[in-house]
Amino acid sequence: MSTRAFITGVSGTELTAAEREFIRAERPWGFILFKRNVATPAQVAALVAELRSVANAPDAPVLIDQEGGRVQRLGPPHWPVYPAGAVFANLYDTDSALGLTAARLSARLIAADLADLGITVDCLPLADVPVPGADAVIGNRAYGTEPGKVAAIARAVTEGLEQGSVLPVLKHIPGHGRATADTHFKLPTVDTPPDELERTDFAAFKPLAGLPMAMTAHVVFSAFDPAHPATTSATMIADVIRGAIGFQGLLMSDDVSMNALSGNIAERTRAIFAAGCDVALHCNGNIDEMRAVAGETPELVGRALERANAALAARKSPQPFDRVAARAELDALIARANTASA
């Protein structure tokens, strides 16, 4: 069955009648979960199964933001706390091999949690490279401030997810680290010259250009396009994301409802597709906004469909895994990182 080129959130822990009707009629390609959708493991697994059943799409991707640190939709008492990216960065500075091992282990454990629930995609890793004076929205989520180190840790995170049969989403391409505002609320502009961006921000993404999916940044890069954020900039997508960085996988927008984007929801959605994104992402579960997004979303066809199919086909079978031993090893590495940074 054909699908439409958008990913949608829903409002709560169970589908409403209106949401069921919407999903059947509008056929979203995928779904995304947030804390408002999470109560218990049994409830989340049931919601995931119902989303796919109502969509009549047993392989529909179900996404979540499960990074660790302050961005973790699944948490206590049913799921463990995972470290923020900065923990891996600190350990990497002490011993790069141990830093990569910790990042890989954490992601593998996260993947096991997600697989238990039927969630198949994690919006991770980040390759954002923060700079002094930037907004704290990235902050300790980042894997460091040197692009080679960031890319190496992001690769290890990717490997951990893949070993647990969870697909990664690279974010926030081509870089959110210099943003001076939280894009949930305001549009930031980066005035850094192109050569410096290529040495730093873009350089962290280049080694990861082969990942199956990536999420855009709602950030203006004035040296390339002073009028539009990367998400709605044909120049940024063609010349930087697809060109200079070389990313050829499925490109999804960051959330349509974030206030960094201008215009109403329908206008934002049109701009996202006009710029060259393959899929629009809408997160907040507001049914009126969901309908507005769907009303401006095309069928998933052509090159976008090829990328979507290739992304889903990249999902690997899970590798053997001892969860208890892995958690003990990760805890030991975190303790070592905390000692080193004390």
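Worth saying up front: this structure is predicted, and the values here are computed from it rather than measured.
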With no hydrogens and no angle check, is any side-chain donor or acceptor of [X] less than 3.5 Å from a backbone partner on [Y]?
X      : Y      : value
Arg73  : Arg36  : no
Arg141 : Ala136 : no
Ser253 : Thr231 : no
Arg4   : Pro28  : no
Asn37  : Phe34  : yes
Arg20  : Leu15  : yes
Arg52  : Ala60  : yes
Asn140 : Ala86  : no
Ser106 : Ala102 : no
Glu146 : Gly148 : yes

What is the minimum heavy-atom distance between [X] and [Y], and which atoms define it?
X      : Y      : answer
Ala18  : Ile287 : O-CD1, 4.3 Å
Leu333 : Thr101 : CD1-CG2, 4.0 Å
Trp29  : Pro61  : O-CD, 3.2 Å
Phe221 : Gly175 : CZ-O, 3.2 Å
Ile265 : Ala292 : CG2-CB, 3.9 Å
Arg155 : Pro207 : NH2-O, 2.7 Å

| task | In sequence, state the C-alpha distance, the side-chain angles, and the governing distance for Asn309 and Glu306, and then conclude on side-chain contact (heavy atoms from CB on, under 4.5 Å). | result | CA-CA 5 Å; Asn309 288 341; Glu306 292 173 6; 5.9 Å; no
| query | Going by an N to O cut-off under 4.0 Å, is there a salt bridge joining Lys206 and Asp201? | reply |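 Salt bridge: no.
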| query | Ion pair present between Asp254 and Lys171, side-chain N to carboxylate O less than 4.0 angstrom? | reply | no
Using side-chain heavy atoms (C-beta onward) and a distance below 4.5 Å, is [X] in contact with [Y]?
X      : Y      : result
Pro41  : Trp79  : yes
Asp135 : Thr180 : no
Leu105 : Glu329 : yes
Met252 : Leu63  : yes
Glu14  : Leu47  : no
Met290 : Val293 : no
Tyr82  : Ile110 : yes
Val279 : Leu251 : no

| message | Test side-chain contact (heavy atoms from CB on, under 4.5 Å) on Val256 and Ile272; report intermediate values, then the result. | response | CA-CA 8 Å; Val256 178; Ile272 284 167; 3.7 Å; yes
Tell me yes or no: between the side chains of [X] and [Y], is some donor less than 3.5 Å from an acceptor?
X      : Y      : result
Asp225 : Thr235 : no
His282 : Thr8   : no
Arg315 : Thr120 : no

Got a sec: does the [atom1] of [X] have more than 12 other heavy atoms crowding it under 6.0 Å?
X      : atom1 : result
Glu299 : CD    : yes
His184 : NE2   : no
Glu21  : CD    : no

Is [Y] reachable from [X] through a run of I, L, V, M, F, W or Y residues, each pair having side-chain heavy atoms under 4.5 Å apart?
X      : Y      : result
Ile32  : Leu167 : yes
Val240 : Leu208 : yes
Met236 : Leu281 : no
Ile173 : Leu197 : yes
Met215 : Leu312 : yes

Could you state the interatomic distance from [atom1] ([X]) to [atom2] ([Y]), rounded to the nearest 0.5 Å?
X      : Y      : atom1 : atom2 : value
Asp322 : Arg327 : CG    : CZ    : 13.5 Å
Thr94  : Leu98  : OG1   : CG    : 8.5 Å
Phe273 : Asp278 : CZ    : CG    : 8.5 Å

| query | Are Arg108 and Phe321 in a cation-pi setup, meaning NZ or CZ lies under 6.0 angstrom from the ring centre and within 45 degrees of the ring axis? | reply | yes
| request: Decide yes or no on side-chain contact (heavy atoms from CB on, under 4.5 Å) for Glu296 and Arg268, but give the supporting numbers first. | output: CA-CA 9 Å; Glu296 302 296 335; Arg268 297 175 187 183; over 6 Å; no
| request: Can you label the angle between the Tyr143 ring and the Phe88 ring as parallel, tilted or perpendicular, going by 30° and 60°? | output: tilted
| message | Could you walk me through whether Val137 and Thr183 satisfy the side-chain contact (heavy atoms from CB on, under 4.5 Å) test, starting with their C-alpha distance in whole Å, then the side-chain angles of each, then the deciding distance to 0.1 Å, before giving a yes or no? | response | CA-CA 8 Å; Val137 67; Thr183 53; 6.0 Å; no
Which pairs of donor and acceptor atoms, one on a side chain in residues 122-134, lie under 3.5 Å apart (sequence neighbours left out)?
from: Asp122; atom 1: OD1; to: Gln66; atom 2: N; distance (Å): 2.9
from: Asp128; atom 1: OD1; to: His172; atom 2: N; distance (Å): 3.1
from: Asp128; atom 1: OD1; to: His176; atom 2: N; distance (Å): 2.9
from: Asp128; atom 1: OD2; to: His172; atom 2: N; distance (Å): 3.4
from: Asp128; atom 1: OD2; to: His172; atom 2: ND1; distance (Å): 2.8

| task | Could you go through the salt bridge (charged side-chain N to carboxylate O under 4.0 Å, His left out) check for Arg323 and Asp113 one step at a time? | result | CA-CA 10 Å; Arg323 189 178 297 192; Asp113 293 344; 3.6 Å; yes
| task | Apply the test salt bridge (charged side-chain N to carboxylate O under 4.0 Å, His left out) to residues Glu159 and Lys316: give CA-CA distance (whole Å), side-chain angles for both, the deciding distance (0.1 Å), then the verdict. | result | CA-CA 10 Å; Glu159 291 167 355; Lys316 304 178 188 301; over 6 Å; no
Check: residues 185-196 side-chain donor-acceptor pairs under 3.5 Å, at least two apart:
from: Asp191; atom 1: OD1; to: Ser222; atom 2: OG; distance (Å): 2.6
from: Glu196; atom 1: OE2; to: Arg178; atom 2: NH2; distance (Å): 3.4

| message | Checking Glu198 now: which residues fulfil side-chain hydrogen bond (donor to acceptor under 3.5 Å, both in side chains) with it, not counting sequence neighbours? | response |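 side-chain hydrogen bond (donor to acceptor under 3.5 Å, both in side chains) list for Glu198, sorted by chain: empty.
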| For Leu114, the option from Val121, Leu74, Val48 that meets side chain to side chain contact (heavy atoms under 4.5 Å, CB included) |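 One option only clears the test, and that one is Leu74.
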| Which is it for Ser2 and Arg27 under the side chain to side chain donor-acceptor pair (under 3.5 Å) test, yes or no, and what are the steps along the way? | CA-CA 8 Å; Ser2 64; Arg27 299 167 287 113; 3.1 Å; yes
